[in-house]
Structure formats: structure tokens, C-alpha cells
Amino acid sequence: MEERLAVLVAELDAQWNTTIALHTSATEKMSRLKGDLENEDLKNSLAYKLHNLYSSYEDIFKIIIKFFENHIDDLSTFHTGLLKRMALNINGIRPALLSDHSLKILDELRGFRHVFRHAYGYELDTDRVIKIAEKIPSLKESFTTDLNTFKQNL
């Protein structure tokens with residue numbers, strides 16, 4: 001079991017490094033957009049980074065789900081179910097991954113990603129994109145603690 005846990009931790013760390021890079025890129029784009037609010041390309045680029053950032057977090061969740069064989073059966077609510085599952089402590093199987101703070105921000109980011117993916121004729125609101133992006137430094141800090149606590153409790 002120790003070997004499998006070592007592989008799990010290595011996979012989580014590798015995906016977390018990818019996620020951190022996306023955090024850095026999104027934060028830089030947010031700073032640039034705040035200085036140029038009319039720049040539609042920059043707004044769309046930041047929105048795309050936020051979309052990718054949430055997807056990267058979901059990849060972390062999928063690594064955990066796969067390892068512990070915690071299937072999500074209802075595919076119609078897969079993304080919400082996956083996120084909520086990560087906040088659960090499953091006694092005798094695995095500790096919770098997400099704190100309430102991380103869960104709240106990730107759920108908002110998940111909702112944003114859904115709109116970004118599915119509202120093809122929808123014009124993104126610059127203020128809304130920035131408002132979401134402003135929360136990601138807090139998410140990064142909170143999730144860093146969450147992930148470290150999760151790994152310690154395995």
C-alpha cells in the first residue's frame with residue numbers, strides 16, 4: 001500500500017505544479033486586464049485561463065477518485081458531485097481534501113467554467129471575470145493547506 005500511496009502523492013504533486021503554473025498565468029493576466037479593461041482579447045484570455053485552472057483542479061480530484069475508487073454515478077451532476085465529494089471525509093477510506101473556503105471558491109469557479117464553456121453567444125463581463133480572478137490567490141493559499149493536510153492524513 002505504501003508504494004501505491006507514494007504514486008498517488010507523486011501524481012498529486014505533479015498535477016499541483018501544473019495548477020500552480022495556471023494560477024501564476026491567470027494572476028498575471030488579471031493584473032494586465034485591470035490596466036486595460038477594454039481589451040477583449042485579454043479578457044477572453046483570462047477567462048480561458050480560469051476555465052483551465054478549474055479543469056486542473058478537477059484533474060486533481062479525478063486522481064483521488066480513481067485511487068480510492070469513489071465513483072460518481074450520476075453523470076448529469078458529475079462536476080458538482082465531484083467537487084462535493086472532495087469535501088467529504090469518507091471514514092475508513094480517505095480524508096476530506098477540501099476545506100469549506102476552498103470548496104466555496106472552487107464552486108464559483110466551476111460555475112464560471114460552465115458558463116464559459118456553454119454560452120457561445122454570451123458576452124463575458126469584464127468585471128465578473130476580474131471578480132472571479134481576484135479570488136484565486138486566496139484559493140491557491142487555502143488549497144495548498146488542504147492538499148498538504150490531505151497528504152499528511154493518508
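One is the number of the first residue; the rest follow in order along the sequence. All values below come from the heavy atoms of this structure, side chains included, with hydrogens, waters and symmetry mates left out.
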Only counting residues at least two apart or in another chain, list the ones meeting side-chain contact (heavy atoms from CB on, under 4.5 Å) with Ser45. Lys29
Hey, does Ile105 have a side-chain heavy atom less than 4.5 Å from the side chain of Ser142? no
Ile63 meets the side-chain contact (heavy atoms from CB on, under 4.5 Å) criterion, sequence neighbours left out, with Leu8, Glu11, Leu12, Gln15
Just by distance, no angles: are the side chains of Thr18 and Ser56 close enough, under 3.5 Å, to form a donor-acceptor pair? no
Going by the ring-ring contact (aromatic ring centres under 6.0 Å, His included) test, which pairs reach into residues 23-44, not counting sequence neighbours? His23-Tyr57
By side-chain contact (heavy atoms from CB on, under 4.5 Å), Ala87 pairs with (sequence neighbours left out) Leu98, Leu103
Could you tell me which residues satisfy side-chain contact (heavy atoms from CB on, under 4.5 Å) with Thr149, sequence neighbours excluded, listed by chain and number? Thr145, Asn153
In the structure I gave you, are the side-chain heavy atoms of Tyr54 and Leu22 within less than 4.5 Å of one another anywhere? no
Which residue pairs satisfy the salt bridge (charged side-chain N to carboxylate O under 4.0 Å, His left out) criterion with at least one member in residues 96-109, sequence neighbours excluded? Asp107-Arg110, Glu108-Arg128, Glu108-Lys135
If a pair satisfies salt bridge (charged side-chain N to carboxylate O under 4.0 Å, His left out) and one of its residues is in residues 137-151, list it, with sequence neighbours excluded. Asp13-Lys151
What pairs of residues pass the salt bridge (charged side-chain N to carboxylate O under 4.0 Å, His left out) test when at least one of them lies in residues 36-54, not counting sequence neighbours? Lys43-Glu123
Could you work out, with salt bridge (charged side-chain N to carboxylate O under 4.0 Å, His left out) as the rule, every residue matching Lys131, not counting sequence neighbours? none
Looking only at atom types and distance, does a side-chain atom of Ser55 sit under 3.5 Å from a main-chain N or O of His51, one as donor and one as acceptor? yes
With sequence neighbours excluded, residues passing ring-ring contact (aromatic ring centres under 6.0 Å, His included) with His101: none
